[in-house]
Participant: 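Could you have a look at this structure, given as structure tokens, before my questions?
Reminder, nothing fancy here: chain letters follow the sequence lines and each chain counts from 1. Hydrogens, waters and symmetry mates play no part in the numbers below; they use all other heavy atoms, side chains included.
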Amino acid sequence: MRRHRITPRADFPERARRLGFAFAEIDGEPYWDESAYWRFTSAEIDTLDDATAELQRLCLAAAEHAVRHNRREILGIPAAAWPLVVRSYETREPSLYGRMDLRWDGGGAPQLLEYNADTPTALYEASVVQWDWLTSVFPGADQFNSLHEKLIATWRQGAWPPAIHFSCMADSVEDRTTIEYFRDTALQAGKQVPFVAIQDIGWDGARFVDLDNRGMDACFKLYPWEFLLSDDFGSHVAAAPTRWIEPAWRLLLSGKGLLALLWELFPGHPNLLPAYREPGRTAGAEIAKPLFGREGANIAAPGRQTAGPYGAQERVWQRYAELPCVDGRYPVLGSWVIGGVPCGLGIREDASPITTDASRFVPHCFDPPGKDASP
Amino acid sequence: MRATTQLVLVLMGGGALTAGAAAAVESGRACQQAQARQDPQAAQPCRRSAWFGGYGYHYGGWHGWYGGTSTFYGATPASGVRAVARGGFGLFGHMFGGFHG
């Protein structure tokens with residue numbers, strides 16, 4: 001696992017335009033950064049694959065435990081939402097995707113920092129833009145990336161109705177691009193894929209409807225469950241027939257309370273870091289995370305604290321394991337799970353050990369088995 | 001790890017904000033910017049615009065799930081026509097500004 005500097009492709013702007021990648025820069029700063037890349041060995045990719053599969057197993061076991069033993073409080077899920085979460089779990093509502101953020105430097109076991117199990121993004125760039133980079137820069141190498149194929153296959157296999165609405169905040173280019181990519185994969189799987197902005201969803205007294213007043217049998221929402229249930233229409237969600245993607249039971253995994261529950265259930269597991277709902281129990285330096293914070297907001301780590309809107313939330317204290325630092329950059333490995341199966345990797349780097357919405361996406365490749373990983 | 005695929009992106013359609021959504025965006029952004037400046041006017045929690053029905057929301061907390069009530073608007077429902085309420089989703093997304101995992 002090595003970071004290499006490289007000259008960016010001169011035609012990248014044209015390629016980005018052709019791919020519809022409209023947020024290669026965000027607020028005037030680079031987001032997609034191909035001035036460097038990470039190169040892995042095949043064995044290292046296998047390690048990440050195996051760790052992700054193992055963590056997925058642990059997470060599903062934790063979800064089962066939480067439902068069976070009513071562990072709502074450690075997860076920080078409000079009592080009013082719990083019946084919906086349990087019902088969603090008991091009826092086995094299908095899940096499409098998630099992204100585990102891992103800390104790893106190529107040695108030892110990758111460790112789970114958090115599981116973005118509700119509305120993970122950076123998928124489009126991991127699946128499409130990164131693949132385009134590989135085929136044009138290192139066509140002889142490989143990439144941990146079967147995201148596109150797995151998405152289409154999962155749309156086909158999942159027990160969803162023929163028509164799935166897709167919804168997000170309409171004013172975000174990043175969200176809109178991501179949702180269009182999801183629509184594309186579902187379309188290729190034979191689904192009808194109408195779009196409705198989250199603000200435009202209607203309630204007719206019995207069901208959610210789109211702008212044409214068509215009933216929404218299923219809805220892929222790039223909008224967090226805690227927001228969905230907090231909004232005015234949240235009061236209708238439990239009674240509505242709409243099947244949501246991700247389903248409500250993913251709240252069992254998407255909050256940071258999962259980290260404390262995992263450590264309670266699997267103490268000492270090599271892919272986990274000690275974590276508790278109280279400070280001072282990890283026997284070391286700690287990082288405090290809001291239960292439902294995002295994008296590195298309101299994080300308190302040794303010597304560092306970030307601002308944000310989640311300061312009033314309850315927290316989880318996780319043993320602080322600083323990210324490796326190479327060339328002054330701290331990488332987080334985003335390991336994707338589609339249809340329950342590990343199938344891709346996206347790396348984001350920051351100049352700080354805390355990954356935020358300003359962190360840059362850096363592509364990766366690996367050498368097929370038997371080949372050397374040197375540049 | 002995978003065969004090369006022919007990606008056919010669906011062209012984005014529309015994209016223009018409704019007047020109501022644009023107003024909500026402005027309302028949320030103005031509130032956030034005021035908070036960022038530590039503007040005394042932002043000492044009070046950011047609140048929904050009247051467009052959303054004036055629901056008071058404590059910025060930074062979301063423990064009041066299921067706490068709101070819907071505000072119907074739009075055409076006056078005629079006899080036999082079911083009224084459709086809109087605008088009941090999206091506020092928290094505006095208030096928080098970003099929410100990516």
Side-chain angles (χ1 to χ4, degrees), chain A residues 19-20 78 80-81 99 116 118-122 128 135 142-146 148-149 169-171 174-177 180-181 183-184 187-188 193 195 197-205 209 213 223-224 226-236 254 292 294-295 309-313 357, chain B residues 1-18 20-22 24-25 29 32 35-36 46 48 52-53 55 57-72 74 81-101:
Chain A
L19 291 172
R99 191 195 75 230
N116 298 282
D118 184 10
T119 59
T121 53
V128 177
T135 55
D142 207 339
Q143 191 173 81
F144 187 20
N145 184 0
S146 57
H148 189 76
E149 293 76 7
M169 304 288 288
D171 53 314
E174 181 181 354
D175 291 358
R176 196 62 201 273
T177 303
E180 292 302 323
Y181 178 58
R183 291 178 69 204
D184 175 57
L187 188 69
Q188 293 190 46
V193 294
F195 174 81
I198 199 86
Q199 305 95 315
D200 290 334
I201 291 176
W203 173 254
D204 73 357
V209 297
N213 290 339
Y223 192 75
E226 61 268 24
F227 291 5
L228 199 77
L229 294 178
S230 298
D231 281 332
D232 274 359
F233 280 0
S235 58
H236 302 315
S254 62
F292 290 89
R294 292 163 186 275
E295 298 182 327
Y310 307 108
Q313 289 188 12
D357 57 349
Chain B
M1 294 296 289
R2 71 175 186 181
T4 302
T5 59
Q6 184 70 34
L7 176 69
V8 183
L9 276 175
V10 178
L11 292 176
M12 288 187 187
L17 291 175
T18 64
V25 170
R29 284 179 180 164
Q32 289 179 331
Q35 286 200 332
C46 295
R48 294 189 180 197
F52 283 105
Y55 172 78
Y57 158 61
H58 178 69
Y59 192 75
W62 48 271
H63 298 288
W65 289 12
Y66 295 127
T69 55
S70 301
T71 304
F72 284 72
V81 177
R82 179 180 283 172
V84 174
R86 298 192 193 278
F89 282 137
L91 177 76
F92 273 65
H94 285 306
M95 298 301 280
F96 281 80
F99 50 79
H100 307 112

Participant: With a 3.5 Å distance limit and no angle check, can you tell me whether A/Asp231 reaches the backbone of B/Gly90 through a side-chain donor-acceptor pair?
Facilitator: yes
Participant: Which atoms of A/Asn213 are under 4.5 Å from chain B, going by heavy atoms: the side chain, the backbone, both sets, or neither?
Facilitator: both
Participant: Spell out, as yes or no, whether a donor-acceptor pair under 3.5 Å connects the side chain of B/Arg86 to the backbone of A/Ile201.
Facilitator: no
Participant: Under the side-chain contact (heavy atoms from CB on, under 4.5 Å) rule, what do A/Val209 and B/Val84 come out as? Steps first, then yes or no, please.
Facilitator: CA-CA 8 Å; A/Val209 297; B/Val84 174; 3.7 Å; yes
Participant: When rounded to the nearest 0.5 angstrom, what is the spacing between NE2 in A/His236 and CZ in B/Phe89?
Facilitator: 8.0 Å
